[in-house]
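Here's the structure we're looking at; comments come further down.
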Amino acid sequence: MTQRPVILSGIQPSGRLTIGHYTGALRNWVALQQSHQCYFMVADLHAITVRQDPAELRQRTLETVALFLACGIDPTQSVLFVQSHVPEHTQLAWVLSCWTSMGECSRMTQFKEKSAQHRHLVNVGLFAYPILMAADILLYQADLVPVGADQKQHLELTRNLAERFNHHYGPTFRVPEPYIPPVGAKIMSLQDPTKKMSKSDPNENAILFLTDPPDAIRRKIRRAITDSGREVRYDEQQRPGLSNLMVLYHIATGKSIPEIEREFEGAGYADLKAALTEALIEFLRPIREEYERLQNATDYLMSILAQGAEKARTRAHQTLQLVYERIGLLLAPWESVSTPTANTHHADL
Ligand code: TYM
């Protein structure tokens, strides 16, 4: 049997998920899950690089799993797990941190932005964040990592670390490719289309949540900032606000951008907004309803996570043992002899 290529990706549980998470990540996860062996995780360890309320973090972790399912992730096809349930992530992150320079981490745009936002607590975790992300990916020997455009730089670092390690110790890690969707890789704020839509935006009108009810969708689209101009024509540079709404319409209806331009020929922005509102309400309705159904099904969600963690650990553990052996750590006496040896090529995993 030929093995399917492997995918790993993750989302932080640091708030309600937005339509940006859907277009940049979840939508593509769903599309790729049949043709790939997928590992999808809730990145709870990444979330604690900024302060979190413990009870809320626990709650949001489960809610994020419920949303994965509501968006169409099939737990019988894909492995769904919580990052902190697989200790190998932090173990590999330590090894990789010994192969990453301070300069590389300080050049990360997200680090620069976040450290400016959280000036009172620029912690080492925030700095080392991309190393943990590299460990997440490399542990699973992932071929492909579907993410939004904001994660591209972290993927480049991951590839560099994998190549550096392989070069020094011999083939150990697969070098992963990013999968950044051609449309919707960066959904912009509804209030400031020059900024990414972010769940931490203090202005709720800027963010479209996947669980927004119809009246919130109506209000947010009505108030969405558009540009001066009349024609409905896609132009990210000159008309970022309008173009962002066109991308959302594409996501909600499946129509291509040229089809949308034709649909609104001779019509104005108000017509697009009206059609978009209705399309989004219908598009998000089943996601919201399924989420509400699953939200409190804690036992069900926990059983999926238990199975997911077991499968994820099996694969993660193999890679970690291979890495430990490569770098010269003494094999722990309780590790089985079937553990990969230094002669094992990563392709055998
Ligand atoms: P996070 O939790 O910020 O976002 C999760 C995913 O959603 C995408 N995304 C967007 N895409 C388009 N437009 C937007 N406005 C938008 N907002 C978010 C992100 O690009 C991302 O793909 N570090 C990661 C989580 C992570 C991870 C990993 C991802 C941890 N380990 C390993 C891939 C592989 C993060 O903070 O994503």
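Here the structure is a predicted model, which means the values were calculated and not measured. These values consider heavy atoms only, across backbone and side chains, with no hydrogens, waters or symmetry-generated copies. The residues of the chain are indexed from 1 along the displayed sequence. Ligands are counted one by one from 1 in listed order, and the atoms in each one are counted from 1 as well.
- Atoms of ligand 1 lying under 4.0 Å from any heavy atom of Lys186, numbered from 1 in the order shown and given with element: 12 (C), 13 (N).
- For atom 3 (O) of ligand 1, the closest non-hydrogen atom of the protein is Gln12 NE2, 4.2 Å.
- Listed by atom number, the atoms of ligand 1 under 4.0 Å from Val145 heavy atoms are 33 (C), 34 (C).
- Using a 4.0 Å cut-off between heavy atoms, Asp136 contacts ligand 1 through its side chain alone, with no backbone atom that close.
- With salt bridges taken as basic N to acidic carboxylate O contacts below 4.0 Å, none links Lys186 and Asp150.
- Taking 4.0 Å as the cut-off, Gln83 does not count as a neighbour of ligand 1 on heavy-atom distance.
- Among protein heavy atoms, atom 10 (C) of ligand 1 sits closest to Gly20 O, 3.2 Å.
- Ligand 1 is never approached by Gln110 to a heavy-atom distance shorter than 4.0 Å.
- In this structure, Phe81 has its ring center no closer than 6.0 Å to that of Phe68.
- Both the backbone and the side chain of His21 come within 4.0 Å of ligand 1, counting heavy atoms alone.
- Counting heavy atoms closer than 4.0 Å to ligand 1, residue Lys152 contributes nothing at all.
- Contact annotation for Ser198 and ligand 1: no heavy atom of the residue comes within less than 4.0 Å of the ligand.
- The CD1 atom of Ile11 sits 9.5 Å away from atom CZ of Phe40, with the distance rounded to the nearest 0.5 Å.
- Taking atom 35 (C) of ligand 1 as the reference point, the nearest protein heavy-atom neighbour is Tyr129 OH, 3.4 Å.
- For the pair Arg16 and Phe209, the cation-pi test (distance below 6.0 Å, angle within 45°) is passed.
- With a heavy-atom cut-off of 4.0 Å, Thr18 does not touch ligand 1 at all.
- Listed by number with element, the atoms of ligand 1 under 4.0 angstrom from any heavy atom of Ala185 are 11 (N), 12 (C), 13 (N).
- Each of the atoms 30 (C), 31 (N) of ligand 1 lies under 4.0 Å from some heavy atom of His46.
- Counting heavy atoms closer than 4.0 Å to ligand 1, residue Ile137 contributes side-chain atoms (C-beta onward) but none from N, CA, C or O.
- Counting heavy atoms only, Asp150 comes closest to atom 19 (C) of ligand 1 of the residues Thr158, Asp150, Ile180.
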